Every structure is written in structure tokens, then in C-alpha cells.
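Since we're looking at a predicted model, the values are computed, not measured.
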Amino acid sequence: MELVGRSLLQAAGSASTAAPRGGRERGGGGLCFASLGGRQGRRTVRSKAPVGALAERVVLTPAPAERVARPEAHPQSVAARAVVTVRRKRKVEVKEQVAEQMDAYADRVGRSVLLELISTETDPRKGGPKKSKKSKLVGWFEKRDVKAELVVYTAEFTVDAAFGEPGAVTVLNRHQLEFFIESILVEGFPSGPAHFTCNSWVQPTRVDPAPRVFFTNRPYLPSKTPPGLRELRRRELKELRGSGTGVRKITDRAYDYDVYNDLGNPDKGEGFERPVLGGDKLPYPRRMRTARPSTVTDEGAESRVEYPEPIYVSRDEEFEEGKNEMLSEGAIKALLHNFMPLLVSSVSPDSRDFAGFHDVDNLFKEGLRLKQALHDQLFQKIPFVRKIQENSEGLLRYDTPDIIKKDKFAWLRDDEFARQALAGINPVNIERLQVFPPVSKLDPAVYGPPESAITEEHIIGNLDGMSVRQALEENKLYMLDYHDIFMPFLDRINSLDGRKAYGTRTLFFLTAGGTLKPIAIELCLPPMTDDCKRAKRVFTPPADATSIWLWQLAKAHVCSNDAGVHQLINHWLRTHACMEPFIIAAHRQMSAMHPIFKLLKPHMRYTLKINALARQILINGDGVIESGFTPGRYCMEMSSFAYDNLWRLDQEGLPADLIRRYLQASLQMALLLSTVAVAQKFIWCLVCRRGMAVEDASQPHGLRLLIEDYPYATDGLLLWSAIARWCEAYVAAYYPSDEAVQDDYELQSWYTEAVQVGHPDKRDAPWWPRLTTAGDLASLLTTLVWLCSAQHAALNFGQYPLGGYIPNRPPLMRRLVPAEGDPEYEHLVADPHRFYLSALPSLTQTTTFMTVIDTLSTHSADEQYLGERPNEEWTADPAALAAAREFAAEVRRAEEEIERRNADPSRRNRCGAGVLPYELMAPSSGPGITCRGVPNSVTI
């Protein structure tokens, strides 16, 4: 590689750039192994140019020659150079600009950044690792005004010829400000260039007096760690674990656990408190510890930090500038989107509900328009309203959701209602009906008879001539069952102002064309008496005008149930909260040099930060989730109930989830467990089955889907298999035997801590996967990568495109379905569409919800997608790089297959008149709301 110093000493106008020594030509940026292309909106990921070429393009002001000239090496010494790439902030406040200039001048007079090289070998005389003398980073003052985002600095070293290979670099920041090191390249050693992928903030000595340590990109299992790095490896992990005491500062790097005790704010008064999640009463995964002081009124509750004040996560878990810019743009849109509805509802109470479907449509056609009389009234009272509407017209409008772009009335059709159970926002709750009538698992003494009220007479006319028994045997009946998850909470939910809910069951019949059709909906309430006829009501496809509206209301309640379970359980709990302990444990127990940490690193990006933000504005008391979904203040208690009774890591992988094959344990086996409570919970889990697939070794993925055109499952299996093969190949490269897995104490400590400390409320469960073989490890990694990437993408990025039109999928309901004889029944008959809209969210509830899911569905410009890495310097292992390239190629092939499927007219659940293609598993995407794209990690 052409050295930076030589580049700067050459004529500034030289156009030639030498190829890196011993490597392929990279000037202008070589293709990364994970380049994806082929259609508009997809991007090609290119690796950053090597530091020599980068310096020529980015660093405009050359340093004096005497500062960068390579020192002469003694015959028994080695002259080496460290080339450090620092990423500067794009936007800097005036105060920080002044501090930067002061740092530059202080650097010139000796308060410089110091680097030290650490050898992989030990010094036999001193006992510790061989170290170079500290060397200052050159060029900080000279490049103080460079405007480029990436700036390259150098440090020169002379070490003994027996120094060995550099395995670590320490960095001591004697400036006043922190800075972000992207990478370090050390050249000049006989062993060749040493790459150090840093991507980390380095704090000044006034904040942290200890130097930062960065390890080489060469992976080492703990037992293979070179002698010179062993103590540093141990010390770095100890620092990341922290002391477990004291309030966390924003500049800290420590990772630790705590319960969810910061969702409420009891100091604000009655009604603002929320129960602690985590513990025997309300089991839950653990979160990142912040250790803020307790509230005044409740020592068990942690005081809150309200958005936009920063909430603690380890410093390197913070969003990069591109991500923050996307969220800031979303906040501006939210302000403008919600300003006018709030103004309208405050000035004109009769405008709080939609008067007709045209009012909903106008949100997309024209933005939120005001009636002329209201215009005049507002303009007289508040003149600046006219300016807002004139100058922000584009931002006041909402993008038209995909669900009504191709067919405005598709959402009204029963086939579309059913299709979304297979290819919608929440395609993971549909299950095969195996017992008729369906049976509840709840206590009949509390919730009444367990059998569903749906009878054969209700459905026989919609089975295409089959009997119920024949339809069951031929796998023709399917169900969405939200009865048991909602029923324990219904009395409390329905006592809330403006919230009404049922526990619902919906039965579907699989037609000869491979599509589903709904054949019965059951709406259930807790029985008020032993013979309460209204506790269970069954609706069937309509036959007259009134029953059409009753059927539509029943479907809306099903969608509201579905929206709550999707957001609180499948999305937040399973892909956000349950993954957080595994991420915390990985940073606490596995070194950055550990090959498994290197595999997991891109799948942990941004997750801790987005989860912390969720505690501030989404899942907190009176936050977006409570405000926008039917369960209201009981949302997180429902999430805890699902975690306690439903979540099992061994069933979170896609094949296991589709099959849900539990051991048919006897009551005696269950009672052998430690307590009756555990036994009851075990039995409860045993009968939870999806049954959407059966094992079949002759099939490509080892299973056969019972609904062949199940877009989520068919596309998901493509990505699942690609991830599985990648993890298997990667694990095989480092663990030649099962004993190697068992002897890896960092790996075992990671998994043990994630279970015992991160999921302590379920640590005694018998179903936790073992980690004793290479196969166990590959399977565990496949599940974690799947959940953080493809599963999260399938549940997240369709929220606005498919749920932004509220009548299609209301997140909350405000009215129950009236029965004949009720006063509200007469209102329904007299003005059905007005009654229907009054049961849905109000105007302000609708626009607030739309604004939030708009942001949640948005890809940022800095997104990294499945199969992609920013460059190939994440590891120095050629075998791992080769496996990663093959993984990227398989992901590209999966995307091409998904495109073919979406164009296949025989696949009626993803192709047809007004039918949306299923692209939520298509790996690549451009920025924005695209209803496609699979990021590596949970980034939003």
C-alpha cells in the first residue's frame, strides 16, 4: 500500500494512485462481498477506500514533511506506521466548534493523542506483553479545518525486530472532546498490514484516564489467544461489565441488566404509576441497566428521562448521524401531521370523529382540510394557522398506504381480510384447527365453559360440501385465536374510557385455489352470569344489509386484537425485548476478538438504543403503545402474560414455529416439575400449536407447508436456510469438535448469562436449548440471527404500507358490536357507516398512530441489509470471508426467487387484481418507506 506520508510528499495534483501492497486494487472503492443490485431502489454496498487512497482524496491540507516522514530503522528494528481514520461529525454546534479548535491548538503544544502498539508476544524479562513506545498522532492541528467526514492521521513507531506481530493498539485521548475512530491500519511489520476495525468513541482522559484498547481483526477463541493479548482481553471484558453500581453516564461503556421499572412516573400523581416488569409477579426479560435514582413516591420505580433528553446506553450503541437525521425528520413530520388534527378537535368538538370515509381518504388526497367556516374561525383567532397550511402543505399530507393504492376497496373484501393472515403485517398467528370446536386453556371456573360457541351449523354451508370432520382431516380449517390472550384483561380494558374489546376467534376455510376465506367469527366477553348469552356471540358471512355491517364490525374487532398481539407480543416482545439480554451478555462475556462475537456484531447494531427509546416514548405509561392500542394501560401487562405463558426460545426458529411440535407429555410428567404452578404453565404451553407445517425430510427445508402459498413462510424459509448454512459453515471453521464448544468459556458464559441473568424468570424452564455441540451452536445462532433480521423485518416494515389506512386494521376499538334490542343497534341501522367509523379510532388517535407507524416503517440511509457488511476488514480469516461471500450470494438468489414468486399468477396470495406483492422478506431496499428490506438487526 502506498504510504500516506509518501502520498502527501508527492505533488498535490498527482492523479496516480498505487495499488495496495500485496492486495487487489482498491482505488475508488472495491466491491464488498455483499454487493446487492438489480433493481431501482437497491444499493450497491462498496467498501471504503484504503487509507492511503483515502488520504489523497479526503485530506486536503498536507502536514509538513518532517512530521510524516518515516523514521530510519536500525538494522535490528522495525519502522512502522499506524494510519488512523477518524470520522468527524457532519453537524457541530458552535460551542463544540470552539472546543475542536482549542483541541487542535493544544495538540500542537503537546496535548496530543498517544498511540501504543501491543504485541501478540510477551516480554520474557518483564512478563507482560511487548509494547512500543507511545507515539503521538500527527496532523490534528494541520487538518483542523478539513471539512471531509473521514480524516486520516498517522503515528510513527520504531520497535525491536523481535517485537512480533501487533495484536492491539491503545489510544490515549488527551484532548477535551471525544472522537470517533473508524479504523486503524498498522504497516511495516514483516507479518504484513494489521487491520483494527474500531468504530468506537474514545473519551478524553478527563472522562476516562485509561487508554482505550482496540484488538486486531484476527479472530481468536479464548484458548487460542496469543500470550501478549490474554490479560488485555480479560481486562477489556471486565471494564465492559462495569462495577454494577452507580448511575450510568452517557459517556460510559458498561453493559448490565435491570428490570423494567422506568415505564411509569408515580411522582406525577395517581394514574401515572406502572407495575415493574420482571420478577415473579410479572415475568419479563431484563433490559439495559441505567441506575438512575428512584422516584420520590416509589423506591422500586426508577426516575424517568423524558425524550428528547438522552437515555443511557453504552456509548458505542448510540445512533450514527444518518439515523438521527432520519428520526429528526420523522419528528418534524409528526409535529406537522398532528398539529392540525389537535387544533381541529380542540376548536370544533364535532370534528373529532370522521363523518364519513371521505374524511379518511382526504388525509391522503389533500391532507387534513378544514371546513370553510372553521377555516375562517381559525384564521381570525390564530392567523399563523394560514401560514402553516400554506407553507407545509406537502408535510401535512400523508403518503397513500400501499393497501389502498392498487384497490381502494380491497380491505372490505373477505378474501383480503383472510389473505393478510398469511401475507400481512402479522402473518405469524394463523394456526391449523385441530380440534372442533376450539377449546380455551383458561380456568373454566373463572372464564366459563372452555368450548367455543361456534357449532357445525355455523360453518357447514361454507365448507365446499365437506363435513367438519373431513375438513379437519384434510387440513382445510385454520384459525386466528386471540381468546385466551385477551380474556384475562377484558374487564379492565372495557372499563377504560373509549376502549372496547373482545377475545376473538376467527375460523377460515382453505379453498381449492389455495386462498383462505373467513367462515365464522366468535366475539367473547367474560360471563357476567352462569348463562350469559352475550358472553359468546358468533357471526357468519353476511346475508343482508344489516348483517354486512355487523360482520364488518366483527372483522374490525378481530383486526384490533391482531394489531395488539402483533405489536405487544410478536414485534416488541419477541424481536426487541427478548433479544436484548443476548446482546448485553455478548458484550459482557465475549471479547471483540471472539469469532462468534464477530458473527453477531452486525445483528446487534442499534438494538439497545432503539429499545431504550421505546421505554421513553413507545411502551411507557401514556406512551404511543398505550395511547394507540385497545389494551391501553394494560398493554405491557399483556406482554408479560405472553412472555410468561408463550415464549420459548426453542420454538422461535421459523421451522419450529411453523410446526410447533411439542412433546405430548402426560399430566404425571408435568407434575414432576418443581411446583404445581410450573406444572400448570407447562401443560398450558404443551397444547399451544400452530400446525402450519409437518416434518418431511424429502422437502427442501425439511418440512412441508400445509398451505403452499403462504408468502411469509415460503419466503422466510429461503432466508432461514441461507442463514442456517452460513452459521453452520462459520461454526465449523472454528469448532472442529463438540469439546471445543464445551471448552469455550467465553461462549458458555455468554449463553449461561443470557439465560440465567437476562431471562431469570424462565431460567428453570426445561426447554432451553443446550449448548454442548457445534450443531447446538449453529442452531442457536441461526435462531438469533433470524429473529434480529428477517423476523423483525417481516413484522415491522409493513406497518404503514399495510396498516396506515386505519379502517383496514384499526389498532383500537371504541364500541362493542350492538345486539338487537340495544339502543346502539338502532343507531347502527339508522346510519351504519357513521356508527362504524365511530367505533374506530378518533381523528387525533388516527393521525397520531399513522405518524408513529410512518416512522417505524422507514429505512434510514445508513441501513445495513442481510448479507452486507460495510467492508471486508471485519475479520482477517479467509475462510470466514469466503463463507460470508457465499451467504451474500445465497441472499441475492433468495431475492431473485421472491421476485419470480410475486410475478406468478398461480400464487393468489401475492399476485392478482388489487393484490399486493409480498416483499417484506425481499432483502434489499432503498431508504424510506418501501415495504421491503431485511436489515441485519433491529434498528427501528
Side-chain angles (χ1 to χ4, degrees), residues 2-14 48-71 81-116 134-157 169-186 196 198-209 211-212 214 251 315-316 318 320-322 324-325:
E2 182 159 13
L3 298 177
V4 176
R6 193 180 305 163
S7 298
L8 295 176
L9 289 172
Q10 288 178 342
S14 173
K48 295 183 178 69
V51 288
L54 184 66
E56 290 185 342
R57 294 203 313 271
V58 175
V59 184
L60 306 178
T61 306
E66 62 272 13
R67 285 185 176 269
V68 297
R70 180 187 289 272
R81 168 174 293 155
V83 184
V84 181
T85 302
V86 172
R87 185 195 303 165
R88 290 185 175 178
K89 295 179 181 178
R90 295 199 291 265
K91 296 180 180 179
V92 183
E93 296 180 358
V94 174
K95 183 179 179 181
E96 201 168 352
Q97 289 177 350
V98 173
E100 285 180 349
Q101 292 296 316
M102 292 177 64
D103 274 345
Y105 281 94
D107 188 275
R108 191 175 192 182
V109 297
R111 293 290 298 175
S112 54
V113 177
L114 300 179
L115 269 67
E116 182 182 46
K134 292 183 175 64
S135 177
K136 65 180 181 180
L137 206 59
V138 175
W140 208 280
F141 176 77
E142 292 77 11
K143 300 171 186 177
R144 65 190 182 279
D145 295 322
V146 171
K147 302 302 182 185
E149 184 177 2
L150 298 180
V151 182
V152 176
Y153 305 96
T154 60
E156 306 292 340
F157 300 90
V169 177
T170 67
V171 181
L172 189 68
N173 177 10
R174 300 194 294 175
H175 293 169
Q176 291 299 303
L177 295 178
E178 65 178 4
F179 58 84
F180 188 88
I181 295 185
E182 192 167 271
S183 64
I184 301 173
L185 175 69
V186 177
F196 300 79
C198 307
N199 292 319
S200 182
W201 292 96
V202 179
Q203 299 302 319
T205 51
R206 64 181 178 82
V207 174
D208 185 358
R212 279 295 308 279
F214 297 104
T251 54
R315 183 66 182 96
D316 291 338
E318 289 286 347
E320 296 177 14
E321 283 187 280
N324 279 322
E325 289 169 2

Results of side chain to side chain donor-acceptor pair (under 3.5 Å) for Asp208 - residues two or more places apart only: none

Phe141 versus Ala104, closest heavy-atom pair with distance: CD1-O, 3.4 Å

pair Val186-Val169: side-chain heavy atoms closer than 4.5 Å: yes

Contacts of type side chain to side chain donor-acceptor pair (under 3.5 Å), residue Lys134, not counting sequence neighbours: none

Which residues share a side chain to side chain donor-acceptor pair (under 3.5 Å) with Arg144, sequence neighbours left out: none

Non-hydrogen side-chain atoms of Thr170 and Leu172 separated by less than 4.5 Å: no

From CA spacing to verdict: salt bridge (charged side-chain N to carboxylate O under 4.0 Å, His left out), Glu142, Arg108: CA-CA 9 Å; Glu142 292 77 11; Arg108 191 175 192 182; 5.6 Å; no

Ser135 OG to Arg81 CZ distance, which is reported to the nearest 0.5 Å: 10.5 Å

Residues forming a salt bridge (charged side-chain N to carboxylate O under 4.0 Å, His left out) with Arg206, sequence neighbours excluded: none

Aromatic contact, Tyr105 with Trp140 (centres under 6.0 Å): no

Asn324 vs Glu318, side chain to side chain donor-acceptor pair (under 3.5 Å): CA-CA, chis, key distance, verdict: CA-CA 9 Å; Asn324 279 322; Glu318 289 286 347; 5.8 Å; no

From Thr251 atom OG1 to Trp201 atom CH2, the distance as rounded to the nearest 0.5 Å: 12.5 Å

Heavy-atom check, side chain of Val84 versus side chain of Leu115, under 4.5 Å: yes

Side chain to side chain contact (heavy atoms under 4.5 Å, CB included) partners of Lys91, counting only residues at least two apart: Glu321, Glu325

Steps toward side chain to side chain contact (heavy atoms under 4.5 Å, CB included) verdict (Val171, Glu116): CA-CA 7 Å; Val171 181; Glu116 182 182 46; over 6 Å; no

Asp103 side-chain N/O to Gln176 backbone N/O, donor-acceptor pair under 3.5 Å: yes

Partners meeting side chain to side chain contact (heavy atoms under 4.5 Å, CB included) with Ser200 (sequence neighbours left out): Arg212, Phe214, Asp316

Criterion salt bridge (charged side-chain N to carboxylate O under 4.0 Å, His left out) on Arg88 and Glu149, from CA distance to verdict: CA-CA 5 Å; Arg88 290 185 175 178; Glu149 184 177 2; over 6 Å; no

Sequence-distant partners of Glu100, side chain to side chain contact (heavy atoms under 4.5 Å, CB included), two or more places apart: Val92, Leu177

Closest non-hydrogen atom pair between His175 and Ser112, with its separation: NE2-CA, 4.1 Å

Sub-4.5 Å side-chain heavy-atom contact between Cys198 and Glu182: no

Inter-residue atom distance Tyr153.OH - Asp107.CG, 0.5 Å rounding: 9.0 Å

4.5 Å side-chain heavy-atom contact, Phe196 and Leu185: no

Glu93 CD: over 12 foreign heavy atoms closer than 6.0 Å: no

Donor-acceptor pair, side chain of Lys143 and main chain of Val152, under 3.5 angstrom: yes

For Arg111, all residues meeting side chain to side chain contact (heavy atoms under 4.5 Å, CB included), sequence neighbours excluded: Ala106, Arg174, Thr205

Under 3.5 Å donor-acceptor, Asn173 side chain and Val113 backbone: no

